[in-house]
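Working notes for the structure below.
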Amino acid sequence: MQSNTKYQLSKKGSWRRWVLLSMLIAFLGINGAGLYIGNIIYKETSVLHSHLNETNGRLKQILENGKQENKWEDITIVSRFGYPLSATYIPNPQATDKTLIFLHGFTESRAVGLNYLDIYLNYGFNLLLIDLRAHGESGGNSVTWGNYEKYDLDQWVDWVGNRFPKGMIGVHGISMGAATALMHAELNEANKRVAFYIADSSYSDFESLLTLQMEQRLNLPGKVLTKLLLPYANVVAYFDARFTFRQASPIRSVRNITTPVLYIHGEADKLVPASMSLELYHATKGPRQIYLFANAGHVTAIFNDRYQYGGIVRKFVQAIET
């Protein structure tokens, strides 16, 4: 009888160990697979493609010619995070202390800002075209979708402020550059060194945008799987670069800003929905305007109607100056 009881207890203990071992294997397997996929998501969005430098070759040549013929000046500073930051300063032919800092989008470089050059030169601004972190000639191992980029931008604001202590500073960003500008606007509340921001085709929240893109491009069944995978991508991003996609949320920033913001978006944008700019506009605490271009895609409004685009920008800036 006693040996039978011992046998039953031994059998029960073995069963429990088998269940616990199975649970441990399942736990490790599921989380291992999640981290593997999360690493792919992180690398695809933040590491592998940033230096593709998809900027038009003609623009790059114009930039090089300007440095040789028009005394456009290449500038390099060191980010507070230790990597170099590169930019080109373009002085207005007529002396002015007004300067516009231009921020390009993902996979691009500072040369994209030349598409907007005439708008600001004609309106009496100098331009500072910068390469964002992990783009162009700037350093940094990964794109952080505005998290570290906003602090890098703040250092460029320092640079302009030192050059023109009493001058006017504006920031114009497109796509990821627009989101970076909006996230910087929250930092700007402390001293109001930047007088205005223009955000063309910004996302309101990067994690929401990534969820949408994963569903559309990978044909994932609903939002459940995406929401299960993104936390793993955030874990990988944090351990590799000390940021998370969740932090890249301009809509949280604009709720706290009072510097004027102009939102521009194309209603035919298939990469970042125009509804995201509408969300930002309605959430913005301070003065704001929004213009939607009916037939424009992602950051193409300026090419669809350059005259209207320039007029909207000039009217917005003029209202701030008066």
> Stepwise, does the side chain to side chain donor-acceptor pair (under 3.5 Å) test hold for Asp205 with Ser208?
Replying inline: CA-CA 5 Å; Asp205 178 83; Ser208 298; 2.9 Å; yes
Between [atom1] on residue [X] and [atom2] on residue [Y], distance to nearest 0.5 Å:
| X | Y | atom1 | atom2 | result |
| --- | --- | --- | --- | --- |
| Ser175 | Leu271 | OG | CG | 6.0 Å |
| Gln247 | Asn147 | CD | CG | 4.5 Å |
| Ile37 | Leu230 | CD1 | CG | 11.5 Å |
| His265 | Asp269 | NE2 | CG | 3.5 Å |
| Leu129 | Ile101 | CG | CD1 | 10.5 Å |
| Trp72 | Glu64 | CH2 | CD | 10.5 Å |

Closer than 4.0 angstrom, basic N to acidic O: yes or no for [X] and [Y]?
| X | Y | result |
| --- | --- | --- |
| Arg255 | Glu189 | no |
| Glu137 | Arg110 | yes |
| Asp154 | Arg193 | yes |

Please check if the side chain of [X] supplies one atom and the backbone of [Y] the other of a donor-acceptor pair under 3.5 Å.
| X | Y | result |
| --- | --- | --- |
| Thr284 | Val254 | no |
| Arg288 | Tyr281 | yes |
| Lys166 | Gly161 | no |
| Thr300 | Gly297 | yes |
| Ser142 | Val47 | no |
| Ser109 | Asp131 | no |
| Asn304 | Asn295 | yes |
| Glu186 | Met183 | no |
| Glu267 | Ala296 | no |
| Ser138 | Ala134 | no |

Going by heavy atoms in the side chains, are [X] and [Y] under 4.5 Å from each other?
| X | Y | result |
| --- | --- | --- |
| Asp152 | Tyr83 | yes |
| Pro273 | Leu212 | yes |
| Leu280 | Ser202 | yes |
| His104 | His135 | yes |

Following the transitive rule for hydrophobic clusters with a side-chain heavy-atom cut-off under 4.5 Å over Ile, Leu, Val, Met, Phe, Trp and Tyr, establish whether [X] and [Y] coincide in one cluster.
| X | Y | answer |
| --- | --- | --- |
| Val112 | Ile90 | yes |
| Leu229 | Leu210 | yes |
| Leu132 | Leu114 | no |
| Phe102 | Ile169 | no |
| Val235 | Tyr36 | yes |

Compare every heavy atom of [Y] with every heavy atom of [X], then report the nearest pair and how far apart it is.
| X | Y | value |
| --- | --- | --- |
| Ala87 | Leu128 | CB-CD1, 3.9 Å |
| Phe164 | Thr96 | CE2-O, 3.5 Å |
| Ser277 | Ile290 | O-CD1, 3.7 Å |
| Leu121 | Pro93 | CD2-CD, 4.3 Å |
| Ala185 | Tyr197 | CA-OH, 3.4 Å |
| Tyr123 | Lys98 | O-NZ, 3.3 Å |

Should we count [atom1] of [X] as having more than 12 external heavy atoms under 6.0 Å?
| X | atom1 | answer |
| --- | --- | --- |
| Asp118 | CG | yes |
| Arg246 | CZ | no |
| Lys285 | NZ | no |
| Glu69 | CD | yes |

> Does the ring of Tyr148 carry Arg133 above it, NZ/CZ under 6.0 angstrom from centre and within 45° of its axis?
Replying inline: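 Because its charged atom misses either the 6.0 Å distance or the 45° angle limit, Arg133 does not stack over Tyr148.
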> Honestly, is Arg306 close enough over Phe303, meaning NZ or CZ under 6.0 Å from the six-membered ring centre and within 45° of the axis?
Replying inline: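 The answer is no, since Arg306 fails at least one limit relative to Phe303.
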>> Just to verify, which of Ile40, Thr45, Asn39 counts as forming a side chain to side chain contact (heavy atoms under 4.5 Å, CB included) with Lys43?
In response: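 With Lys43 as partner, side chain to side chain contact (heavy atoms under 4.5 Å, CB included) holds for just one option, Asn39.
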> Knowing that exactly one of His172, Met168, Glu321 qualifies, which makes a side chain to side chain contact (heavy atoms under 4.5 Å, CB included) with Phe196?
Replying inline: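 Among His172, Met168, Glu321, the one meeting side chain to side chain contact (heavy atoms under 4.5 Å, CB included) with Phe196 is Met168.
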> How far apart are the C-alpha atoms of Thr88 and Leu63, what are their side-chain angles, what is the distance that settles it, and do they pass the side-chain contact (heavy atoms from CB on, under 4.5 Å) test?
Replying inline: CA-CA 9 Å; Thr88 298; Leu63 190 64; 4.0 Å; yes
Ignoring hydrogens and angles, state whether a donor on the side chain of [X] or [Y] is under 3.5 Å from an acceptor on the partner side chain.
| X | Y | answer |
| --- | --- | --- |
| Asp200 | Tyr263 | no |
| His184 | Asn188 | no |
| Thr144 | Glu149 | yes |
| Thr258 | Lys192 | yes |

Take the angle between the ring planes of [X] and [Y] and call it parallel below 30°, perpendicular above 60°, tilted in between.
| X | Y | result |
| --- | --- | --- |
| Tyr151 | Phe81 | perpendicular |
| Tyr42 | Phe243 | tilted |
| Tyr120 | Phe125 | perpendicular |

>> Could you walk me through whether Val78 and Leu85 satisfy the side-chain contact (heavy atoms from CB on, under 4.5 Å) test, starting with their C-alpha distance in whole Å, then the side-chain angles of each, then the deciding distance to 0.1 Å, before giving a yes or no?
In response: CA-CA 6 Å; Val78 178; Leu85 296 171; over 6 Å; no
> Trp145 and Tyr203: side-chain contact (heavy atoms from CB on, under 4.5 Å), yes or no, with the steps?
Replying inline: CA-CA 10 Å; Trp145 300 98; Tyr203 44 84; 3.5 Å; yes
> Under the side-chain contact (heavy atoms from CB on, under 4.5 Å) criterion, do Leu182 and Ser253 qualify, and how do the steps go?
Replying inline: CA-CA 7 Å; Leu182 295 174; Ser253 296; 5.5 Å; no
